[in-house]
Amino acid sequence: MASSHSSSPVPQGSSSDVFFKKEVDPTKHIRPVQSLPDVCPKEPTVTDQHRWTVYHSKVNLPAALNDPTLAKRESDFFTKTWGLDFVDTEVIPSLYLPQISKENFIAYQQEISQREKIHERCKNICPPKDNFDRTLLHIHDKSRTDLEQVPKIFMKPDFALDDSLTFNSVLPWSHFNTAGGKGSRDAASSKLLQEKLSHYLDIVEVNIAHQISLRSEAFFHAMTSQHELQDYLKKTTQAVKMLRDKIAQIDKVMCEGSLQILRLALTRNNCVKVYNKLKLMATVHQTQPTVQVLLSTSEFVGALDLIATTQEVLQQELQGIHSFRHLGSQLCELEKLIDKMMIAEFSTYSHSDLNRPLEGECQVLEEERLVSLVFGLLKQRKLNFLEIYGEEMIITAKNIIKERVINKVSQIEEIDTDVVVKLADQMRMLNFPQWIDLLKDIFSKFTVFLQRVKATLNIIHSVVLSVLDKNQRTRELEEISQQRSAGKDSSLDTEVAYLTHEGLFISDAFSEGEPASAAVDTTSQRNMSPHSEPCSSDSVSEPECTTDSSSSKEQTSACAPPGGIEIIVSEDMRLTDLELGKLASNIQELLCNASDVCHDRAVKFLMSRAKDGFLEKLNSMEFIALSRLMETFIVDTEQICGRKSTSLLGALQSQANKFVNRFHEERRTKLSLLLDNERWKQADVPAEFQDLVDSIADGKIALPEKKPVVTEERKPADVLIVEGHQYAVVGTVLLLIRIILEYCQCVDNIPSVTTDMLTRLTDLLKYFNSRSCQLVLGAGALQVVGLKTITTKNLALSSRCLQLIVHYIPVIRAHFEARLPPKQWSMLRHFDHITKDYHDHIAEISAKLVAIMDSLFDKLLSKYEVKAPVPSPCFRNICKQMTKMHEAIFDLLPEEQTQMLFLRINASYKLHLKKQLSHLNVINDGGPQNGLVTADVAFYTGNLQALKGLKDLDLNMAEIWEQKR
């Protein structure tokens, strides 16, 4: 409890006072005060009185402690002395004030230390003042003596009664012991303590009053200054009143009218906004009935656009309106209902489109309806509608086959449907012409079905591409607008005035009327027909205020697809380019899937017919007809869908492989039977075989078409003429040539079996070569056919037949080479191997003929004796056998081959004759024996050269004689 020791300064007006000033002499009201001893605080000087310090804060302690609001004085000691809140509360340290420590005063102490030294030196040098009042010193000493009576505990700076030790020291509990009743001693002790504390209080109050009395003049001066301040305030209030009156007049004359115009303009704009908002609310109120009307006419896109626009208006312009608090959720539920309706509608459309009669042109069913449905589904991101269409395609493909089979079976009277219940069994009772007609009908229906699917998917694809193109153009426009807006913002510099009291821009107040009205009108009419009249507040429920299907057209752009119908692309259809691209590829994939479905159903139809081996029993012409029909269907579907389906092609290949196996086995068996019954005699050549050979020579490797029966019959020829050469053949070879042409023609009719046919044909040629070798060279015909012996004629005829086949092998090779892909040309080496085998076989036959004559020469010449008669019997027999040989082979083999064969026979003859002459020691010495041998040789030479075709044969008989040593 410290009191101030300085007097209060007189309030002075500063140099910045706006109003009345009055010069005041500060020395006029302030008396010089005598200095106290240095132990007391110094009085403030005249100059210090103009600056406020902590000593200016003074208060009467009893007045501060005595609360005038209390109705009754509290008798409690603590509240009486220190007030109601006698317990000091902890002050929370401020976050904005720094923590002050001794380090903060180091700079100050260094700065003031020099002054402090000077002050101490001056205090020691200057003597104490003699003119101070001794009475005051006496009073001061007396006050100090009185204060010493107060215990030091009350003077401690950390004095606090909440400390238990301090509390017990000040108020011992022994004075408040109430055990056993309140005794007189305790009461006296408590009273004594109270008087003691009151005495301490009186001492302190007396000292405080003394200190206050020392500054009484300052209080009087403050009271005088208070009257002057009141005069100043009175004049100030009069000046303020005059200023306010002038400002009020200026406001009334110059500002009030203009501001009133602005207020009225703002009020009018607000009223227009409220009016337009009410019209917009009336329009939004009609959303649900309008959506119901649109849904009744299947206008899903219009209904979705209306719902989207209404939701946008609710979120942006009608947000927070209580009456529409449930409308958003209702529209969401309605949108979900529309999603289900669109999916059901698309499923119904798919069923109607795919199950209509497959006749007439392949036009799209209700194209506008399809476009509307696809747009609605895309808008709602229901991208799985293609799966619905795909499932409907599978069902339709099954139904097509079922309907065609029922229709065909019903036309056949031989089939009793009451006995044969199952449709598959009824279908298996059809013969090949009936069944192939049914298959042709199914393929034609499938073709029409795929064309319709393609037309429908093209419309869907056009819609998707239109949306994709619109997204790209919208993105480009947004980029351009952003660039323009960026340039405009950089160059725009607007200045607006601000109304402080209204919180609005003046420019907005003047210009907001028309544009704001127009903006609200545009917003409210966004859901209205472009040709409808504006609605008044009295007719908000009229039909023209509702939103029709044209509501979405103001936010759309049009583009024309190939189908000819105008496609409307909505602005809010925000599908990503990736999703749209994937959807477009799925549409193309769906078309290919439709082709695969048709092919799969056709395969199942074929397999159900093939259960009883029906397809394997087809002849060549029937299978070729079936193959061509299937290949035509495969090509047609590939042209429609752009991709070849493999299931039907695989089934065709499988059946073709079975057909090739059966085809080959039949021909091989037939050839085997022909060879086993062949007697190896020269056969007549019918005219049809000669025509067949001639057509091959003309480059037509195919069986000739059957000509109508001619009355004039052509006689068969003895030999077969091939390119001017005569071939004496057996009947088996003629049929083999026909079989080879069947293989070649099968390759032309069924290109997919070319490699298999090549392998089978080479196997057939090898079989003919090996089997004919077994029968002729191996003499197997003796047991198989029952021939007595294998004659030279049989051998020559076999050789000539082999030569005919060898002649046609290059033709066959060229035929297959033209039909094989280049990577499979390596298979043609089989023909080279076969040609070599045939040549080896022909050489073996020639060697066999030479061997026959060689054995004959060995037998006859071993008995030859050089004696008369001339010619000897031995040479006669030799010439006879040579003539028989010539007669056997000359008509079968060409002249060149005959000459070469007889040259080889003659060489064998000369070898055996030379050997025999050497054995007989007959030499070319001109003797009698030499003459006999020469005569026999001349006879042999003359007979041999007399044979047909051997006249110019160089026999060189001089080689029979050994050279002289």
* **Least distance between heavy atoms, Leu331 atom then Thr310 atom** => CD1-CG2, 3.5 Å
* Nearest non-hydrogen partners of Gln149 and His199, listed with the distance -> OE1-NE2, 3.2 Å
* List in chain and number order the residues that pass side chain to side chain donor-acceptor pair (under 3.5 Å) with Arg244, two or more places apart in sequence or in another chain; answer none if no residue qualifies. => none
* Structure fact -> side chain to side chain donor-acceptor pair (under 3.5 Å) filter on Gln288, not counting sequence neighbours, yields Gln330
Are any non-hydrogen side-chain atoms of [X] and [Y] less than 4.5 angstrom apart?
X: Leu334; Y: Gln292; result: yes
X: Val170; Y: Phe154; result: yes
X: Arg121; Y: Ile118; result: yes

* Does CZ in Arg325 sit with more than 12 non-hydrogen atoms of other residues, nucleotides or ligands closer than 6.0 Å? -> yes
* CE/Met254: more than 12 non-hydrogen atoms of other groups inside 6.0 Å -> no
* So, the side chain of Ser258 versus the backbone of Cys255: is there a donor-acceptor pair under 3.5 Å, distance only? -> no
* Worked check of side-chain contact (heavy atoms from CB on, under 4.5 Å) between Leu278 and Met281 -> CA-CA 5 Å; Leu278 291 175; Met281 291 174 62; 4.2 Å; yes
* Asked: Going by atom types only, do Asn104 and Ser101 share a side-chain donor-acceptor pair under 3.5 Å?
  -> yes
* Check step by step if side-chain contact (heavy atoms from CB on, under 4.5 Å) holds for Leu280 and Asn276. => CA-CA 6 Å; Leu280 182 60; Asn276 290 327; over 6 Å; no
* Excluding sequence neighbours, so at least two apart, what forms salt bridge (Lys or Arg N to Asp or Glu O under 4.0 Å) with Glu120? -> Lys123
